[in-house]
2 protein chains.
Amino acid sequence: MSQITIVDLAETLGLSKSTVSRAFRDSSDISPKTKERILAKAEELGFSPNLYASSLRGNRSQTIAIIIPEFGNKFFSQAIKGIELIARSKKYHTLIYVTDNSVQNEASIVRSLVNGRVDGVLISASGEGKDHSHLQTLVDHDVPIVFFDRSYDDFHGHFVTGNDFESSRLATQHLVDNGCKNIAYLVINRKVSIGKIRMDGYRKALEDNGILFQEKLILDTENDEVKNRAAIRNLIQQHKPDGIFASVERLAISTIRVAQQEGVQIPENLKLICFSCLDIADLLSPSLSVVKQPAFAMGKEAANFLFRILDKPTELRQQETTLLQSSLIFQDSSRKL
Amino acid sequence: MSQITIVDLAETLGLSKSTVSRAFRDSSDISPKTKERILAKAEELGFSPNLYASSLRGNRSQTIAIIIPEFGNKFFSQAIKGIELIARSKKYHTLIYVTDNSVQNEASIVRSLVNGRVDGVLISASGEGKDHSHLQTLVDHDVPIVFFDRSYDDFHGHFVTGNDFESSRLATQHLVDNGCKNIAYLVINRKVSIGKIRMDGYRKALEDNGILFQEKLILDTENDEVKNRAAIRNLIQQHKPDGIFASVERLAISTIRVAQQEGVQIPENLKLICFSCLDIADLLSPSLSVVKQPAFAMGKEAANFLFRILDKPTELRQQETTLLQSSLIFQDSSRKL
DNA sequence: ATGAAAGCGCTAACAG
DNA sequence: CTGTTAGCGCTTTCAT
């Protein structure tokens, strides 16, 4: 079946193409009766207006993009699910891109988006890098950006995230309360907002308890599971921490595996807590204490925020940060003996 | 910054817009020097060709869609990751849609795709339903479809999936080998290919071992975690199975939770094995025996297959099914005592 | 309430 | 190798 057009439809109905066109917009100037007649015929013929022709005219793509650094954990799947849900309810389509934690990939993806392909972008920042010109290009093209979960300190934009500082403080405090005195912090990348803010919460808790912050207990990791495990092993052997606070789930999982190999008992010799959206944290052995972010809600909130900007492009909003509450779930991995 | 067009660029360079256009296609007829000059200027001005204008002309969207039923487990995130990777390497963009296991949603999504928005569709079927006219519409519009993991029996199309029959047979055989005589099968939905084929493998293993297939040991589940748990509890209480083969991960997780509540020991009183891509199956308590599908590879394979069709639309391929090997990982949940 | 006509930005014949 | 020209299918004034 070749493409049927608005003209074909107009001819079969004895109308002009303008009238037919109006039937598909929420147009004012059309009688309900003709509109219905047109829509019925369209349904019958399986016609729907060519997307590219209308986008070319109207300059709207009805499409947003999600750019995420990785797909390893439940957080991002849940967030995407939330975003897609909202987008679809707004009749928007959702493009997905995974950078694999590479800023270069992020930049190249973003550049492929400035030709009108999307009306807005939801992004969770990938890694470090000081050059955010790719994002600036987007802004210059009037494509609004909303960050979620991870952003860049030196790029000012809208940001929806968890109350990470407070959650991190409480998680660390919890380790202290359960007897830890030598707590290590595993950071995904201290140059990314998420790594830094969570570390600030960790530092605050130490300070509150008169514990000295020690650089040697901070492990800045890479995008390589094998290297990370070696580094964690090294950390455990060298500095014998009695508690570990991991800023992301996969670092906690690596810790569990290393502990198993090294014969370090959790929680007896080492207490562990981490950020995670794992819904089976309670089924792990030992059950894992987690800071659980409201991933699904965060996706929805970020998307809603983006659509609010899209709906009122005039209302030039200030840079705005929305914090959502995470919940702390204490289980066996950090249990006091 | 307002849109800069190919004409503006042509004027600044003292060229015609066709020449400029050619610089952006992989066009033959243009001198390397002019091409370079154009591309340089474009870079300088931050210009890239308007997507909708070219799609309108060329009838190509450089976009594919992924439609999946749910986002609950690692299988789909991994598959998507694979798809997106291949798509991006082909300079394609990837739209994502989640149906939440609803065929109605699937139909409405598919209908929003026939206006040229996508060049092809990768889909994992949602639920049952005999009416696949929405998919037929896609075919009528010359949009190729490739199924992955889950398809419809009565809709003939390309299909990339695991060797589910054989894996299921082996998984069930494994339970028999470890002493099970009364094995229940938890099916996601027996009307979907995935549920049926996996059940066939299960039946074959029973048959091979002279064990009677019993309808009462088959639990057809719903899209509702709470109801499923109640049904599993009921199954366990009523029929006291000594082994359970779950066709999807979430049913196995529900089983573990029910067993915990009911004081049924795994593997002592009940052995469990399931399809799952969980990378921490070994960290669960008890560690979970799984049939692990090559999710990432499956995503890549399905995408490659779609692009092969897209590259050679003339080569009208026969309906074709590609099977990828799954691996069986036996751990404590199905251990012989 | 409907129709006529101009043109969105680009591509691809065709001509040179 | 480059330029001219005619649309792709739709939306949107401006008439009527």
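Note: hydrogens, waters and symmetry copies are ignored here, and every other heavy atom, side chains too, is used.
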For this session: Return the orientation label for the B:Tyr97 and A:His93 ring planes: parallel under 30°, perpendicular over 60°, tilted otherwise.
Result: perpendicular

For this session: Determine, using ring centers only, whether B:Phe305 and B:Phe148 are less than 6.0 Å apart.
Result: no

Exercise. Does A:Ser16 make a side-chain N or O approach to OP1 or OP2 of C:dT2 shorter than 4.0 Å?
Worked result: no

Expected rows: protein N/O vs nucleotides 13-16 of chain C N/O, under 3.5 Å:
none

For this session: Tell me which of B:Leu56 and B:Thr34 sits closer to the 5' end of DNA chain D, going by the nucleotide each one is nearest to.
Result: B:Thr34

Seminar exercise, completed: Between CG of B:Asn50 and P of C:dT11 the distance, given in whole Å, is 9 Å

Seminar exercise, completed: Of D:dC10, D:dA6, C:dT2, the nucleotide closest to the side chain of B:Lys17 is D:dA6

Exercise. To the nearest Å, how far apart are A:Tyr52 OH and C:dG9 P?
Worked result: 18 Å

Seminar exercise, completed: To the nearest 0.5 Å, atom CG of A:Leu323 lies from atom CD of A:Glu301 at 10.5 Å

For this session: Ignoring backbone atoms, establish whether A:Ser31 has a side-chain N or O less than 4.0 Å from OP1 or OP2 of C:dA1.
Result: no

Exercise. B:Phe47 ring centre to B:Lys41 NZ or CZ under 6.0 Å, with the angle to the axis within 45°?
Worked result: no

Exercise. Mind checking whether A:Phe159 and A:Phe147 have parallel, tilted or perpendicular rings, split at 30° and 60°?
Worked result: perpendicular

Seminar exercise, completed: Of D:dC1, D:dT4, D:dC10, the nucleotide closest to the side chain of B:Pro32 is D:dC1

For this session: Give a yes or no on whether a salt bridge exists between A:Glu106 and A:Arg111, defined as a side-chain N under 4.0 angstrom from a carboxylate O.
Result: no

Seminar exercise, completed: From CD1 of A:Ile30 across to P of D:dT12 the rounded distance in Å is 14 Å

Exercise. How long is the line joining CG of A:Leu15 and C1' of C:dA4, in whole Å?
Worked result: 14 Å

For this session: Measure from CG on A:Leu9 to C1' on D:dG9 and round the result to the nearest Å.
Result: 13 Å

For this session: Output yes when a side-chain donor or acceptor of A:Lys74 lies under 3.5 Å from a complementary backbone atom of B:Asn73, and no otherwise.
Result: no

Problem set entry | Rounded distance (Å) that lies between atom P of D:dC8 and atom CZ of B:Arg57 | 8 Å

Exercise. Under a 4.5 Å cut-off applied to non-hydrogen side-chain atoms, are A:Thr94 and A:Thr63 in contact?
Worked result: no

Seminar exercise, completed: To the nearest angstrom, the CZ-C1' distance between B:Arg60 and C:dG9 comes to 20 Å

Exercise. Quick one: is B:Ser21 getting a side-chain N or O under 4.0 Å of the C:dT11 phosphate, OP1 or OP2?
Worked result: yes

Exercise. For the helix from C:dA1-D:dT16 to C:dG16-D:dC1, what is the angle between the axes at its two ends, each from 5 pairs, rounded to 10°?
Worked result: 30°

For this session: For B:Asp100 and B:Ser102, indicate whether the former's side chain and the latter's backbone hold a donor-acceptor pair under 3.5 Å.
Result: no

Problem set entry | B:Gln62 CD to C:dT11 C1', straight-line distance once rounded to whole Å | 14 Å

